[in-house]
Amino acid sequence: QVQLVESGGGLVQAGGSLRLTCSASGRTISTYGLAWFRQAPGKEREFVAAFSWSGGIPSYADSVKGRFTASRDNAKNTVYLQMNSLKPEDTVVYYCAASPPRSTSISRTHEDYYANWGQGTQVTVSS
């Protein structure tokens, strides 16, 4: 079982930047599918960005494309989410997620693809 811990959230003004970090322990995640999701109170969890287990270029939700960049450092067992040009509507809790490679018809942009989740980190963007 892999444990995930997010950090780097906080309060920032609109137009500002934050970098979220997701540190993994318990397993090496170099072959895992990895993703970032976010969730506002009372709403469903929303896909933000995802890597496939084979690596490659991450995919992004349209709402963050061009502003957010996901990256992974397998040597550090860590995933990052660089968030630029932040908007008040980006104010939510952000979660990282991981899944070992498996055969499934579930899209990696759907939360059901992932078995392991962090506790989340709050991002607040003031206008």
Side-chain angles (χ1 to χ4, degrees):
Q1 186 82 347
V2 61
Q3 290 80 44
L4 304 171
V5 178
E6 302 95 337
S7 60
L11 174 64
V12 64
Q13 288 189 331
S17 299
L18 282 174
R19 188 176 82 155
L20 305 184
T21 299
C22 176
S23 299
S25 61
R27 294 285 175 91
T28 300
I29 60 171
S30 59
T31 59
Y32 275 53
L34 301 166
W36 288 96
F37 285 77
R38 63 186 186 182
Q39 188 172 25
K43 294 190 176 181
E44 293 187 354
R45 202 166 288 182
E46 175 191 20
F47 165 73
V48 175
F51 293 92
S52 73
W53 61 268
S54 59
I57 300 173
S59 58
Y60 297 94
D62 288 343
S63 58
V64 306
K65 201 171 292 183
R67 300 188 298 124
F68 290 11
T69 303
S71 60
R72 62 193 293 174
D73 186 336
N74 290 333
K76 295 183 177 180
N77 230 29
T78 301
V79 186
Y80 304 97
L81 184 67
Q82 177 66 43
M83 306 186 295
N84 299 328
S85 302
L86 282 162
K87 305 175 182 179
E89 52 263 43
D90 295 320
T91 296
V92 288
V93 177
Y94 286 75
Y95 299 88
C96 67
S99 174
R102 61 193 181 112
S103 177
T104 178
S105 60
I106 301 173
S107 169
R108 59 191 175 97
T109 65
H110 195 282
E111 61 179 314
D112 289 347
Y113 182 90
Y114 301 93
N116 306 108
W117 293 85
Q119 84 291 347
T121 185
Q122 175 72 46
V123 170
T124 303
V125 184
S126 63
S127 57

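Count residues from 1 along the sequence.
Evaluation of the ring pair (Phe, Tyr, Trp, His ring centres under 6.0 Å) rule for F47 yields F37 as partners, not counting sequence neighbours. By the ring pair (Phe, Tyr, Trp, His ring centres under 6.0 Å) test, Y94 pairs with no residue at all, sequence neighbours left out.
Residues Y114 and G33 come closest through the heavy atom pair CE2-O, 3.8 Å. Contact detail for V92 and A40: the closest heavy-atom pair is CG1-CB, 3.5 Å. Heavy atoms only, all atoms of each residue included: K43 and Q39 are closest at O-NE2, 2.9 Å. The heavy-atom pair separating S17 from N84 by the smallest distance is OG-OD1, 2.9 Å. A pairwise comparison of heavy atoms in A49 and A70 identifies CB-CB, 3.9 Å as the closest pair.
Both L81 and V2 are members of a single hydrophobic cluster when ILVMFWY side chains are connected at heavy-atom separations under 4.5 Å.
Interatomic distance, OG of S99 versus CD1 of I106, reported as 9.0 Å (0.5 Å rounding). Atom OG1 of residue T69 and atom CZ of residue R19 lie 11.5 Å apart, to the nearest 0.5 angstrom. Rounded to the nearest 0.5 angstrom, Y113 OH and S105 OG are separated by 11.0 Å. One distance of note links CZ of R108 with OG of S59; it measures 4.0 Å at 0.5 Å rounding. Atom CZ of F68 is separated from atom OG of S85 by 9.0 Å, given to the nearest 0.5 angstrom. L34 CG to L4 CG: the interatomic distance, rounded to the nearest 0.5 Å, is 8.0 Å.
A distance-only check finds a donor-acceptor pair linking the side chain of N77 to the backbone of A24 [under 3.5 Å]. Side-chain atoms of Y80 never come within 3.5 Å of backbone atoms of D73 as a donor-acceptor pair (strictly under, hydrogens ignored). Of the possible donor and acceptor atoms, one in the side chain of T78 sits under 3.5 Å from a partner among the backbone N and O of K76.
Of the charged side-chain nitrogens involved, none lies within less than 4.0 Å of a carboxylate oxygen, so that K87 and D90 do not count as a salt-bridged pair.
Residues M83 and W36 are not in side-chain contact: their nearest non-hydrogen atoms beyond the backbone lie 4.5 Å or more apart. Between T91 and Q122 there is a side-chain heavy-atom pair separated by less than 4.5 Å. Put simply, the side chain of R27 reaches to within 4.5 Å of the side chain of Y32, judged on heavy atoms.
Donor-acceptor pairing under 3.5 Å is recorded for the side chains of T109 and S107.
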Under 3.5 Å, sequence neighbours excluded: what are the donor-acceptor pairs made by side chains of residues 5-13?
residue, atom, partner, partner atom, Å
E6, OE1, Q119, N, 3.0
E6, OE1, G120, N, 2.8
E6, OE2, C96, N, 2.8
E6, OE2, G120, N, 3.3

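Partner R38 forms a salt bridge (charged side-chain N to carboxylate O under 4.0 Å, His left out) with one of E44, E46, E111 and no other, that one being E46.
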